[in-house]
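Below: one structure, written as structure tokens.
The analysis underlying the following values was restricted to heavy atoms, covering all of them including side chains, and did not include hydrogens, waters or symmetry mates.
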Amino acid sequence: MMTQVETTVHYDNGYEDEYMIQEEEWDRDMLLDPAWEQQQRKTFTAWCNSHLRKAGVQIENIEEDFRNGLKLMLLLEVISGERLPKPDRGKMRFHKIANVNKALDFITSKGVKLVSIGAEEIVDGNVKMTLGMIWTIILRFAIQDISVEGEVSTHSPGTYSWKDGLAFCALIHRHRPDLLDYSKLNKDDPLGNLNLAFDIAEKHLDIPKMLDAEDIINTPKPDERAIMTYVSCFYHAFAGAEQAETAANRICKVLGVNQENEKLMEEYERLASELLEWIRRTTPWLENRTPEKTMAEMQRKLEDFRDYRRQHKPPKVQEKCQLEINFNTLQTKLRISNRPAFMPSEGKMVSDIASAWQGLEQAEKGYEEWLLTEIRRLERVDHLAEKFRQKATNHENWASGKELFLSQKDYETATLTEIRALLRKHEAFESDLAAHQDRVEQIAAIAQELNELDYHDVAAVNQRCQSICDLWDKLGTLTQKRREALERTEKLLETIDQLFLEFAKRSAPFNNWMEGAMEDLQDMFIVHTIEEVQSLIAAHEQFKATLPEADSERQAILGIHNEVQKISQSYGIKASFINSYSTITTEELLNKWEKVKKLVPQRDSALQEEMARQHANERLRRQFAAQANLIGPWIQTRMEEIGRCSLEIGGTLEDQMTQLKQIEHVIVAYKPNIDKLEGDHQLIQESLVFDNKHTNYTMEHIRVGWELLLTTIARTINEIETQILTRDAKGISQQQMNEFRSSFNHFDRVQLIMGLHSRLFQGEVEFARIMMLVDSNATGIVSFQSFIDFMTRETADTDTAEQVVASFRILAADKPYILVEELRRELPPEQAEYCIMRMPPYAGHGAPPGALDYTAFSTALYGESDL
């Protein structure tokens, strides 16, 4: 039995008084119960080894192994996490005393007053002093924390209540019910209960076996210091488990947010790639301005463009709008979760998509106008080509045989009468030739215009026109030569029949007039207005007014022929009735006159049909104008309603959202009116109506306004959703949100920025920080979202990289690295595998194979490293 040396330990907080009273009673007895001493030796030794093993050191004899002070200093460093002064490495007694004193000084620096415990007693191996010192360390570094946190009372737990083992089992069942079934325990089996609790603690809770069940049962009063030391290990084990669970929950939350954001990023990249690819394929098609050769081919191009506007483009407009909404939502989620902003792949930024879309719109803008212009050109070209063919055919028919006629030398064997006839006939031909001069010039002018309009078969036109001109020049030369021959012969032949001559002179112009009339009556016309049709009808009426005079001329010409017949009959002339002065016969004149009279009513009918068609076109114009004049102001009114709604601050964001959804529903329900207008517009284009004086709205104006309305309502709804998301995530009340919007709307934001910049130039650091937060790109504009972020950023309760690092450190038991099995034990399978795949290997010294660097991984989550 060793003598109990008086030992008193004083703490600043005074929570150990009751223990000190018991110690004083023990000290008065000056005895140390051998059973208690044995329990303390085993318990304190196991407690010290549970900490020293972290440094790879163990003790076997508590009073011997602490004599040189080295392991004592190492123990204090491990349990406190602080560095002690460098120990003396000598083996002399004064070296050992110096080391023990360094340890005792460190204990004293932690607010513990040691009385009657000196370095010499420890160095000498005094069991009582050594156990008292270890108990002091346990009180300060293990039990005091329990008292401060309020988990275990500093009052003695009642040592006798631990003897049946149920208290230990209850303590384990309270925190880890999966390790034992408390309801099956038997109070009458204290040995089994104690061994069960000790085995579970050692195997599952990493608490060394510090007590023997037999010692507790066989001792009337087990040592309370040993009991409290062992119980304190339970507290720290369970507190560490709760911290690990909290840390795991935090990591799961962070990783879940990160995984969701990565999915959104991948979806954005996919949609952006598909939209940009569609724009890349479509833009060259719209930029192609190669004209087709026929109206049918150009009409097919116009139909393809209409299909593009009605079927292919609208879904892409929705995709572009949805892509911008997804991008804004993702950036908001990243900003709320304190993550770095999402930077899409090169060429897939929202600005890149907007730029590509703008190029598409620019190409589309002039494409339809080019198609319609080209159709008008082809219509004009086809008309001119048909007109050229008709005039060329008429002229070729007229010129057919003229070269042979002018080349013959019939005057050489003709009589004087025949010569006179030939001369008169030639004069009539010259008149006819002069009359055809205008037709040849018209043919040449039409050919020139076809060249200017780039007619696809212009080579054939030029060849035919050149043939006509060459023949015309040759006819002129031949005509001149024949006249000269006839005039030479005329001097020899003087008899000419005046009546045939007069017939020839009058019939030729009349015949030309009838041919011109027939050509005019059969001439094609293109008009676009009622006034143009009325002008043609007026000209036709004027032509009909000249018919009586023409009929008189016809009768006069026929009268000449009748006079010849009368003279021939009266005077018994046997000569042929063929007029030698002219090739025109009365039958030809009569036939052409009958054809002119037949063509007049046909022309009347054609003009009336065209008048009816123009009236129908006018109705189409008025029908389109009536709808367009309603739809245009309706779209403007909806735009104003959306603007007013987005600026209201009286109601909640949910009220604004409801109002915007109602407006969106009204807009969607109005879509059939736009479709009907598109149908009317198509009818107008199919009727080749290109102008409308009854309205200032074109279909392009309505389309642009409708697309802008759809985009505006979608963006405004997205802005309100973003504000709701920000409000809920930042914990902003509706009243605060209204105050933010009221303040934001009240001040001139541009002036606000200029004021901030002015104060920044004066060197105020705070304003520089504010400017970096609300206007990081130095654009000179503060958005409402940036304003809210600035107002709530300083007090926002968000996760940080330091918090995640601290959580991982708890899971790793204070190691600077973490093992794969620890991640799989503490985290759900999905989050554990996510960390294992992305966490880099630990590069520090002393780490086992497979160790992972959780610090680099955590900082990378928040964009604070290059991982």
Side-chain angles (χ1 to χ4, degrees), residues 394 397-402 405-406 410-411 414-439 479 482-483 486-487 489-490 493-522 539-604:
N394 291 337
N397 291 337
W398 172 84
S400 177
K402 295 296 189 294
F405 164 74
L406 294 174
D410 54 345
Y411 54 85
T415 63
L416 179 59
T417 304
E418 291 172 343
I419 290 298
R420 288 180 177 177
L422 291 174
L423 184 60
R424 300 298 181 268
K425 184 178 180 180
H426 187 72
E427 290 176 352
F429 173 77
E430 287 181 328
S431 299
D432 194 14
L433 187 68
H436 278 80
Q437 178 68 37
D438 291 338
R439 295 185 182 181
T479 300
R482 183 173 178 79
R483 167 169 280 282
L486 290 175
E487 287 178 349
T489 307
E490 187 182 20
L493 305 174
E494 297 179 354
T495 306
I496 295 175
D497 190 345
Q498 292 297 326
L499 289 176
F500 278 119
L501 178 61
E502 184 178 359
F503 177 87
K505 288 183 177 180
R506 297 187 66 174
S507 63
F510 184 72
N511 183 62
N512 287 334
W513 175 86
M514 287 193 296
E515 289 181 352
M518 288 188 293
E519 187 174 319
D520 292 338
L521 290 172
Q522 297 178 83
H540 184 61
E541 293 297 327
Q542 291 178 0
F543 169 78
K544 290 194 294 183
T546 63
L547 289 178
E549 181 180 354
D551 188 53
S552 298
E553 179 66 10
R554 179 186 64 84
Q555 292 177 4
I557 293 172
L558 294 177
I560 295 173
H561 177 74
N562 294 332
E563 184 67 17
V564 171
Q565 295 293 333
K566 183 179 180 181
I567 293 174
S568 298
Q569 293 175 4
S570 299
Y571 295 97
I573 299 175
K574 304 300 183 182
S576 176
F577 290 101
I578 298 175
N579 191 343
S580 59
Y581 301 112
S582 174
T583 61
I584 301 173
T585 64
T586 55
E587 291 78 12
E588 183 179 355
L589 291 177
L590 290 174
N591 291 335
K592 289 183 177 180
W593 178 254
E594 292 299 323
K595 189 173 183 180
V596 168
K597 291 196 295 182
K598 185 178 180 180
L599 288 175
V600 168
Q602 292 179 0
R603 182 75 168 181
D604 285 332

Next on the checklist: The criterion is side chain to side chain donor-acceptor pair (under 3.5 Å); which residues satisfy it with E519, sequence neighbours excluded?
Outcome noted: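 E519: side chain to side chain donor-acceptor pair (under 3.5 Å) contacts with K391.
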Item to check | Test side chain to side chain donor-acceptor pair (under 3.5 Å) applied to E541 - qualifying residues, sequence neighbours left out | outcome: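 Scan of E541 (side chain to side chain donor-acceptor pair (under 3.5 Å), adjacent residues dropped) gives K544.
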Next on the checklist: Can you see whether Q555 engages D551 through a side-chain donor-acceptor pair at a distance of less than 3.5 angstrom?
Outcome noted: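 Short answer, yes.
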Given side chains that start at C-beta, do those of [X] and [Y] come closer than 4.5 Å, heavy atoms only?
X	Y	value
F405	T479	no
K505	E427	yes
T583	F429	no
R554	L589	no
F543	D520	no

Next on the checklist: Closer than 4.0 angstrom, basic N to acidic O: yes or no for K592 and E588?
Outcome noted: yes
Say you draw a straight line from [atom1] of [X] to [atom2] of [Y]; how long is it, rounded to the nearest 0.5 Å?
X	Y	atom1	atom2	result
E430	R483	CD	CZ	4.0 Å
E515	K595	CD	NZ	10.0 Å
M514	L590	CE	CG	8.5 Å
T586	W593	OG1	CH2	15.5 Å

Heavy-atom closest pair, residues [X] and [Y]:
X	Y	answer
Q602	K598	CG-O, 3.5 Å
W513	A550	CH2-CB, 3.4 Å
A556	R506	CB-NH2, 3.4 Å

Next on the checklist: Please check if the number of heavy atoms outside E549 that lie under 6.0 Å from its CD is greater than 12.
Outcome noted: no
Checklist entry - For I584, which of I557, N512, D432, N511 qualifies under side chain to side chain contact (heavy atoms under 4.5 Å, CB included)? => result N511
